[in-house]
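Shown next, in structure tokens, is the structure this report addresses.
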Protein chains: 2
Amino acid sequence: MSWTVGELARLAGITVRTLHHYDRIGLVRPSARTSAGYRSYDGRDLDRLQQVLVYRELGFPLEEVGTLLDDPDADPAAHLRRQHRLLRDRLERTQAMVAAVEKEMEARTMGISLTPEERFELFGNGFSDEYQAEAEERWGDTDAWAQSQRRTSAYTKEDWVRVKTEAHDVQHRFAEVMRSGATADSAAAMDVAEEHRQHISRWFYDCPPEMHAGLGRMYVEDERFAATYEQVAPGLAQYVSTAVQANAGRQG
Amino acid sequence: MSWTVGELARLAGITVRTLHHYDRIGLVRPSARTSAGYRSYDGRDLDRLQQVLVYRELGFPLEEVGTLLDDPDADPAAHLRRQHRLLRDRLERTQAMVAAVEKEMEARTMGISLTPEERFELFGNGFSDEYQAEAEERWGDTDAWAQSQRRTSAYTKEDWVRVKTEAHDVQHRFAEVMRSGATADSAAAMDVAEEHRQHISRWFYDCPPEMHAGLGRMYVEDERFAATYEQVAPGLAQYVSTAVQANAGRQG
DNA sequence: GGAACAGCCTGACGTCGGGTCAGGGTCAAG
DNA sequence: CTTGACCCTGACCCGACGTCAGGCTGTTCC
């Protein structure tokens, strides 16, 4: 069985131009051409196109989709599992957004008005989107993640305020120690690292020193996490990372 | 209270460039400039930016966002209602995609191939009726194609022997329990259902009770899946479906 | 008070994922 | 053998920013 561009486009709900584009960039190539030069897609091409569309829908840039699909270590089942996980992430995030809108609607009907900052926290960004998506990607099927999800789902807004204040506090304590000239493996720095570890354990999930050391490495390896610390003070990401790992060594 | 571009960007989780862009196209304009020409955003600007970001997240082109927000007939509550509706739409759509991926995962484990139009269903939904006739004409006899499209997997032949033996085993245990007269929601039937769930989890993909319940529904709703069970014993598809859903209920 | 440095400004060009003609070949039906 | 639907390859266009470049501002630290 084979399809022309137009047929496939209708089937997949995309345009002919999109198929031309995917052909040109080598993302989905028709497995054959007719003598007249018409593109001819077969079943395996459909298969691939479907995968592409799911990843596209999930917001992946096409180039990355290509490398994902061309990875010889990833069989079809692996893609399905990954897509399933990503879709569930999205489901959760959307549910959170729906809940936030409902909350705001209710607040309005009751004459309570949320401050702009509160609304940004709920809706805006980072905490519920990027952080969560990234963290889940990393900790996807660990106990830690599950535990964190269970605990945080019960937190009230007041809890969150406290969590954030505390986190902010620890960050700035790190910055202070660094500015004081103490090295990252000094007792002072390690003490703050230990506070950091306990902050995580208290609010999110059980974080033993070993695991904490893993987080420390991530703080420099992953630029997004690094950026969070670099925003507070330049060089802080590396400093925190070293301090955290030194502290883990001290405990172990 | 007022914010500079950089501050607002960090607050909202966007870049400075994005704010410049929104200023230039007149979407979010700072309500003031400092004497040096710096942009200065106040609370109402922040408010507006938040609305913009929600609509953007929902996929609206910026120009349309502008006309929506500048509509004098649309009060804040109207925007909330609209956003709520759109978010619920997205929720439904995402749920449909999750279901589609789960269906495909299950199809693979059972060696069934979905038809192309079935797999693209969620992408072209609006017009699917229009092309249904064409698709059915094309795929009236889909068996040959289905069989030719048998999945390939990373398992060794020995693995497959074990997988199939196990699956076969579970099916026949279902049939036995049914023949014994136990109802589909009896403990005995649910126990087999649980084995079934664990079989899938062990060999194919992580299948939590909820997802298992979804599969259960599909076993009767989709005739191809139903046929697999009906072949073992008449009425088994419905029986398995009920048992699986009862078991999921028990777990939840 | 001046140097350093983060942060702000305005162009202006680049990129990604296609949309939209233009100019021309292909093919089944009538 | 014409008509109309469909296909081809350029080539340019667009939205929503990213990414310099070149230059001003303002705080901080000596």
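Each chain gets a letter, A, B and so on, in the order its sequence line appears, and its residues count up from 1.
- For the pair B:W3 CH2 and C:dG7 C1', the computed distance is 19 Å after rounding to whole Å.
- Dashed line: the shortest gap from a side-chain N or O of A:H20 to OP1 or OP2 of D:dC8 is under 4.0 Å.
- Here A:L80 contributes atom CG and A:R85 contributes atom CZ; the two are 13.0 Å apart, rounded to the nearest 0.5 Å.
- There is a side-chain donor-acceptor pair under 3.5 Å between A:D42 and A:S31.
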- line: Readout for nucleotides 10-30 of chain D: B = base within 4.0 Å of protein heavy atom, S = sugar-phosphate only, - = neither; 5' to 3' it is ------BBBB-----BS----
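- Taking atom CG of residue A:D23 and atom C1' of nucleotide D:dC8, one finds them 11 Å apart after rounding to whole Å.
- Atom CD of A:E57 is separated from atom P of C:dG18 by 11 Å (rounded to the nearest Å).
- Ion pair B:D45/B:R29 not flagged as a salt bridge, since none of the NZ, NE, NH1 or NH2 atoms sits closer than 4.0 Å to an Asp/Glu carboxylate oxygen.
- By the 4.5 Å heavy-atom criterion applied to side chains, A:R90 and B:V98 are not counted as neighbours.
- Every residue was checked against the ring-ring contact (aromatic ring centres under 6.0 Å, His included) condition with A:Y22, not counting sequence neighbours, and none meets it.
- Listed by first and then second residue, the ring-ring contact (aromatic ring centres under 6.0 Å, His included) pairs that reach into residues 36-66 of chain A are A:Y55-A:F60, A:Y55-A:H79, sequence neighbours excluded.
- Distances shown here put a side-chain N or O of A:R39 below 4.0 Å from the OP1 or OP2 atom of D:dT9.
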